[in-house]
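Sending over a structure as structure tokens; questions will come in a sec.
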Protein chains: 2
Amino acid sequence: MTVTLADVAARARVSPATVSRVLNGNYPVAASTRERVLRAVDELDYVLNGPASSLAAATSDLVGILVNDISDPFFGIMAGAVQSEIGGPEGMGRAGGEKLAVVCNTGGLAERELTYLTLLQRQRAAAVVLTGGALEDPEHTAAMSAKLAKLTRAGTRVVLCGRPPMPGPDGAADDHPAPAVLAFDNRGGARRLTEHLLALGHRRVGYVAGPPGRTTTRDRLEGHREALAAVGLATSAQERLTVHGTYSRGSGFDAARELLRRDPELTAIVAANDTVALGVCAALRDQGRRVPEDISVAGFDDLPFSVDAAPALTTVRLPLFEAAARAGRLAMGKEAPPPGGIATVEAELMVRGSTARPNG
Amino acid sequence: MTVTLADVAARARVSPATVSRVLNGNYPVAASTRERVLRAVDELDYVLNGPASSLAAATSDLVGILVNDISDPFFGIMAGAVQSEIGGPEGMGRAGGEKLAVVCNTGGLAERELTYLTLLQRQRAAAVVLTGGALEDPEHTAAMSAKLAKLTRAGTRVVLCGRPPMPGPDGAADDHPAPAVLAFDNRGGARRLTEHLLALGHRRVGYVAGPPGRTTTRDRLEGHREALAAVGLATSAQERLTVHGTYSRGSGFDAARELLRRDPELTAIVAANDTVALGVCAALRDQGRRVPEDISVAGFDDLPFSVDAAPALTTVRLPLFEAAARAGRLAMGKEAPPPGGIATVEAELMVRGSTARPNG
DNA sequence: GCGATGACAGCAAGCGCTTTCTATCGGATA
DNA sequence: TATCCGATAGAAAGCGCTTGCTGTCATCGC
């Protein structure tokens, strides 16, 4: 039924071995032979059997990308960037190193993260890129560590992108290479953002945090608190002005109302990310408050739509595409890992129209 | 080095066949035996070898999803929805039918589309979901048809989501099942949108079209023209008020300026999609024109951020998630294909703040 | 009480490719 | 001229799993 290597070999009057070598281009084959083989491939419309090939070669050309939510542009951008580096499909054989991206939607769920990793391990994935913040549950962290160590040991390259470094696996002798890490400076970015607000004169600043138990949530919140503490605003007092939610618009909407209820005199609200910030703006508009005249709003990430909000959102820019592209290169072994295996990706403050002096 | 089926078998004191059957759950195995096997699997921390399994079983648990641009929420939402139906990873063996999603970013390029299809064919993908409009090049269409027919014949289920039906493969006897199709009513949606504008009293309406040579672009433009023609506005005159661009914000920005240059008296601009519409709004704001007081703007798709634009965008809602989820179910064979293999997904007009009467 | 019938379990033959090792052949070397 | 070597090509042994076909008992019907 389907055409196999052997069929091509027969047609080209060579051995299967030779066909394989032509397709993989990793062994000298006389030009004339190669051409004959290629012609046969063409004529028979032959397509390599991936599983068979992977089995025999003990490698596959799949690269896993774990994301929390692929419908969120934050992850979409990263997934696209990784793929742009691993992808460019072209050519026949497994030559050239082009890989297929397997995008895994974890929904931020611990067990799904683990199961997907197992699935990728089963596929003998060439590499795995983990994006987004990590869950802070120690048990889960340990399980992840162990799993990643196993993957690494099996030859899968592991890269963390926008995720903090992990502790080495439990007490094992650390012979295998540690995952490469590209960590986002969430804390520094958040600090600078709040400093900007403070510099404008704001002193009553609400904060809409992300879901608890995530490193991203924690880091951004800590950066925020750091800035507040630096001007003498007590953390304890701030706690009342912090509301946790999800990374969604609706969450921002609800949180804004709640914050205003807790302190109607708020002059600024910082959101966990841009999507949430948009929800905050919507709630404010709903309540007849103008942004930024009555109240300033700031986001985080600088997703493409942020500049189009009205007013344009003050936020912190994370170079998602660039970082993820680099992660892709690391995953492909096209780029040397950073010294120490860890690099920090800077976050840049973007001041735009949604923040202004209070009572402005 | 790695644990194999045989190791598990030895440990559980059964044959490899039995282990395989326990893992796949497709053959009766005594409860006590099963338990013994499962324990061994656990103790040895065994992970099935996917490629080997796929080779032997001649199937794989990969599902391909072709998208133009995964960083665009339009596609992100669909990819996520498909995955939500095929995904839910759980359990050991290949039981339960959980599949891994392979997201392929074609960038809207013909040859990449084809190559990805070949790659998926090579992986013996269980199913392939193609999203987004199709290229109109007849040669490419024929090539795609042929490729899809090959995939179908090889047992891969093919589903088109948000893409028009394809002509059957060139003259071949149509024995194999045709792809299931979920087509978006782009034309009808566009028509209703422009009718809405006309009903408000607009007569000078600019149109920012998508890239030429795509069915989506054509359908939406045709719907628009249809509505105009219905009130007696000549198509020829309208051509001057149509600008083509990409599906990007920048494209909308530039196009708006161009349209205004061509006709400064424009009272409304319809954009190919929401992202473009946002760019249009930005350009308008830049030029000191208020939306909707001076000029109305409308988009298409109703992506999540559209409701948060200021003013909220009038647009046409496409039930992306629902449609793609259905596509996922079709791909999994969990749902019967629509009668005739083709279903049309309705597009709903969403009137919001960005459109108003002219000189309003 | 005996063959028929199930319910399980094992054997062994692949699935289609990669890769090591070996064979061949036309020079280049001495 | 005999030997050696580089450049190619082939033979064949798997890679780890699935599955059709065979047993092997224990139970069942009459």
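Chain identifiers are assigned alphabetically (A, B, ...) following the order of the sequence lines, protein sequences preceding nucleic acid strands; residue numbering begins at 1 within each chain.
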B:R13 (side chain) and C:dG10 (base): donor-acceptor pair under 3.5 Å =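 Counting by modelled atom types and ignoring angles, no donor-acceptor contact under 3.5 Å is found here.
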Whole-Å distance separating the OH atom of B:Y27 from the C1' atom of D:dT18 =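 B:Y27 atom OH is separated from D:dT18 atom C1' by 12 Å.
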With respect to the side chain of A:A57, which nucleotide from C:dA9, C:dT18, D:dG16 is positioned closest?
->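 From the listed options, C:dT18 comes nearest.
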Would you classify A:V19 as touching base, sugar-phosphate or nothing, given that sugar-phosphate means primed atoms plus P, OP1 and OP2, and contacts are heavy atoms under 4.0 Å?
->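 Touches nothing.
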C:dT18 phosphate, OP1 or OP2, under 4.0 Å from A:S53 side-chain N/O |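 So the side-chain polar atoms of A:S53 do come within 4.0 Å of the phosphate oxygens OP1 or OP2 of C:dT18, strictly under.
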Examine C:dG16: is either OP1 or OP2 under 4.0 Å from a nitrogen or oxygen in the side chain of A:T4? Give yes or no.
->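 Negative; the distance criterion is not met.
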Given D:dG10, D:dG16, C:dG16, which nucleotide is nearest the side-chain atoms of B:A56?
->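 That would be D:dG16.
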May I ask you to verify if any side-chain N or O of A:S15 is less than 4.0 angstrom from the OP1 or OP2 atom of D:dG10?
->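 Answer yes for this pair, as a side-chain N or O of A:S15 is under 4.0 Å from OP1 or OP2.
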Does B:N24 place a side-chain N or O at less than 4.0 Å from the phosphate oxygens OP1/OP2 of D:dT18?
->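 Checking B:N24 against D:dT18: at least one side-chain N or O falls below 4.0 Å of OP1 or OP2.
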Hey, is the side chain of A:R36 pairing donor to acceptor with the base of D:dT8 inside 3.5 Å?
->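 No pair found.
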Name the nucleic acid region contacted by A:V14, choosing base, sugar-phosphate or nothing; use a 4.0 angstrom heavy-atom cut-off, strictly under.
->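 Answer is sugar-phosphate: A:V14 comes under 4.0 Å of backbone atoms only.
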Looking at the side chain of B:S20, which of D:dG16, D:dT19, D:dA12 is the nearest nucleotide?
->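 That would be D:dT19.
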Side-chain heavy-atom pair B:V102, B:I65 within 4.5 angstrom cut-off |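 No, too far: nothing below the 4.5 Å cut-off.
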Selected nucleotide, minimal atom distance to A:A30 side chain, candidates C:dG16, D:dT8, D:dG10 |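 Side chain of A:A30 sits closest to D:dT8.
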Show your working on salt bridge (charged side-chain N to carboxylate O under 4.0 Å, His left out) between B:E111 and B:K147 and close with a plain yes or no.
-> CA-CA 12 Å; B:E111 69 281 18; B:K147 197 84 195 168; over 6 Å; no
